[in-house]
Amino acid sequence: MGQFILALACIGLPAVVRAEDNVRLSPSQAQSLGVRVTHPISSRIDQTLPYPAQIVIPTPQLWVVSAPVAGMVTNLAVARGDRVKAGQPLVTMESPSFVSQQRDYLNAVAQDLLATQQLKRNTELFEGRAVPQRVLETSQTEARQASIVLAERRQMLRLSGLSDAALAKLTSEAAISATLSVAAPEPATVVDIAVAPGQRIEQSAPLVKLARLSPLWAEIAIPISNIRAIRPGARVEIDGYASPGQVVLISETTDAATQTVLVRAEVPNSGELRPGQTATVRINFLSAGESAWEIPYAALIRRGEQASVFVAMEGGFRHVPVTLLAEDQDHVVVSGPISDKDEVVVSGISALRGILLRLGAG
């Protein structure tokens with residue numbers, strides 16, 4: 001500090017005084033200290049600086065169609081990138097297990113019919129006092145158990161992909177087939193295929209990965225110093241894309257390696273966006289009644305979480321607190337009591353801060 005005071009004395013600053021956070025300097029004194037200024041540039045009052053984003057498929061819209069039974073893949077009816085409708089065949093399989101399921105189902109149908117007929121007969125006999133009540137109760141229990149087994153076998157075939165129409169045909173015609181078609185559960189796009197024709201697979205092995213591609217997520221890494229300006233629900237615009245999205249998540253954790261916070265936006269997709277692509281996004285952060293200004297990175301003064309700038313005034317410079325909204329390696333966007341008519345100091349800031357410190361301005 002002694003060296004700094006000596007430097008000020010050498011360039012002749014006997015008139016330096018403090019009025020609140022003002023530094024009084026003549027033009028020649030400012031020039032001697034290497035002070036240079038520039039005008040703030042009006043920034044979009046509702047958007048951050050551009051950030052890179054990754055377009056991804058929302059996890060709730062991504063699912064895998066798996067093999068309902070063990071068997072061999074005989075045919076693929078779709079390819080990667082295809083759009084499919086609900087019920088559209090995806091994979092054809094041949095499966096001995098599927099044959100066993102149909103056989104067990106038909107046996108259950110027969111047992112249910114037999115138990116129902118026996119219950120009807122014993123009910124009539126009981127009403128005619130020809131059999132005791134325990135015989136009727138036994139028939140009721142057997143009929144109920146047969147009905148439960150039949151429902152179980154029917155549900156297993158439905159889980160294997162057998163439609164109600166095919167199930168009715170199997171019941172009436174007893175036409176057992178070894179061929180099984182696995183269909184899409186709902187409209188989607190094929191994003192990956194995990195099997196090939198001729199491949200033998202186990203039950204529950206993944207076959208095809210499907211996804212709904214609207215809406216999509218834009219995942220944005222925001223520097224932790226900028227995150228306070230972003231709020232859930234904020235409008236998000238993707239460069240070159242007409243439909244805006246909105247912020248649906250601001251992560252509560254920070255990436256230790258990059259010191260960034262994940263911000264996720266949900267964006268409607270009309271087909272222009274593709275999962276896996278990178279994009280440039282801007283996020284709304286101010287209301288229409290506020291102003292934002294872009295200034296060189298070198299103009300910003302940081303003290304903990306507080307930010308400020310020096311602004312030229314008649315006879316010197318004033319120290320002005322601002323709110324940091326966005327930054328990159330060259331520029332920052334701030335809001336505060338400045339305008340494009342002001343001159344913001346971009347060089348010689350250390351000298352001006354030193355004067356404030358010397359005068360007790362902090």
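These numbers were taken from a predicted model, which means no experiment stands behind them.
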Can you give me the closest heavy-atom contact between [X] and [Y], atom names plus distance?
X: Tyr241; Y: Ser270; value: OH-N, 3.4 Å
X: Ile201; Y: Ala67; value: CD1-CB, 3.6 Å
X: Ala53; Y: Ile220; value: CB-CG1, 3.8 Å
X: Thr74; Y: Met93; value: OG1-N, 4.0 Å
X: Ala234; Y: Ile283; value: CB-CG2, 4.0 Å
X: Asp82; Y: Ala79; value: OD2-N, 2.8 Å

Practice problem: Starting from the C-alpha separation in whole Å, work towards a yes-or-no answer on side chain to side chain contact (heavy atoms under 4.5 Å, CB included) for Gln111 and Leu150. | Solution: CA-CA 8 Å; Gln111 291 298 322; Leu150 176 60; over 6 Å; no
Does any N or O in the side chain of [X] come within less than 3.5 Å of the main-chain N or O of [Y], such that one atom is a donor and the other an acceptor?
X: Thr260; Y: Asp255; result: no
X: Ser339; Y: Lys341; result: yes
X: Arg235; Y: Gln246; result: no
X: Gln61; Y: Arg212; result: yes
X: Ser214; Y: Pro268; result: no
X: Asp104; Y: Gln101; result: no
X: His39; Y: Asp342; result: yes
X: Gln54; Y: Gly276; result: yes

Quiz item: Run the side chain to side chain contact (heavy atoms under 4.5 Å, CB included) check on Val191 and Leu62 step by step: do they pass?
Solution: CA-CA 9 Å; Val191 296; Leu62 184 66; 4.0 Å; yes
Quiz item: Given the rule in the side chain to side chain contact (heavy atoms under 4.5 Å, CB included) test, do Ile355 and Leu33 qualify, once you have shown the distances and angles that lead to the verdict?
Solution: CA-CA 11 Å; Ile355 295 172; Leu33 291 174; 4.1 Å; yes
[X] side chain near [Y] side chain, heavy-atom distance below 4.5 Å:
X: Pro68; Y: Leu159; value: no
X: Ile238; Y: Ile55; value: yes
X: Arg282; Y: Asp239; value: yes
X: Leu352; Y: Leu25; value: yes
X: Val345; Y: Val309; value: no
X: Ser335; Y: Trp293; value: no
X: Asp112; Y: Ser147; value: yes
X: Val261; Y: Ile250; value: yes

Looking at [X], I want to see if its [atom1] is surrounded by more than 12 non-hydrogen atoms of other residues, nucleotides or ligands under 6.0 Å.
X: Arg318; atom1: CZ; answer: yes
X: Arg134; atom1: CZ; answer: no
X: Arg158; atom1: CZ; answer: yes
X: Gln277; atom1: CD; answer: yes

Pairwise distance [atom1]([X]) to [atom2]([Y]) - rounded to 0.5 angstrom:
X: Glu152; Y: Gln155; atom1: CD; atom2: CD; answer: 10.0 Å
X: Ile224; Y: Ser251; atom1: CD1; atom2: OG; answer: 10.0 Å
X: Ser139; Y: Gln117; atom1: OG; atom2: CD; answer: 12.0 Å
X: Arg83; Y: Gln88; atom1: CZ; atom2: CD; answer: 12.5 Å
X: Arg353; Y: Ile301; atom1: CZ; atom2: CD1; answer: 6.0 Å
X: Phe310; Y: Ile349; atom1: CZ; atom2: CD1; answer: 7.5 Å

Quiz prompt | Chi angles and distances behind the side chain to side chain contact (heavy atoms under 4.5 Å, CB included) call for Leu136, Leu119 | solution = CA-CA 7 Å; Leu136 176 62; Leu119 174 60; 4.0 Å; yes
Practice problem: Taking atom types as modelled, find out whether Ser97 and Gln203 have a side-chain donor-acceptor pair closer than 3.5 angstrom. | Solution: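 On atom types as modelled, these side chains do not qualify, holding no pair under 3.5 Å.
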Quiz item: Applying salt bridge (Lys or Arg N to Asp or Glu O under 4.0 Å), which residue pairs with at least one partner in residues 264-279 are found, sequence neighbours left out?
Solution: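 For residues 264-279: Glu219-Arg264.
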ILVMFWY cluster, [X] and [Y] together (side-chain gap under 4.5 Å):
X: Val190; Y: Leu76; value: yes
X: Leu210; Y: Val78; value: yes
X: Val37; Y: Val23; value: yes
X: Leu213; Y: Trp217; value: no
X: Trp63; Y: Ile57; value: no

Self-check item: CA sep, side-chain torsions, deciding dist, call: His331, Tyr297, ring-ring contact (aromatic ring centres under 6.0 Å, His included)
Solution: CA-CA 4 Å; His331 303 88; Tyr297 190 91; 9.3 Å; no
Show every donor-acceptor pair shorter than 3.5 Å between a side-chain atom in residues 168-177 and any protein atom, with sequence neighbours excluded, or say none if there are none.
unit_1: Thr171; atom_1: OG1; unit_2: Tyr105; atom_2: OH; d: 2.7
unit_1: Thr171; atom_1: OG1; unit_2: Leu167; atom_2: O; d: 2.8
unit_1: Ser172; atom_1: OG; unit_2: Ala168; atom_2: O; d: 3.1
unit_1: Ser172; atom_1: OG; unit_2: Lys169; atom_2: O; d: 3.2
unit_1: Ser177; atom_1: OG; unit_2: Thr179; atom_2: N; d: 3.1

Quiz item: Taking Val263 as the fixed residue, which of Val236, Val247, Asn226, Leu249 is the one that meets the side-chain contact (heavy atoms from CB on, under 4.5 Å) rule?
Solution: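 Testing Val263 for a side-chain contact (heavy atoms from CB on, under 4.5 Å) against Val236, Val247, Asn226, Leu249 leaves exactly one candidate, Val247.
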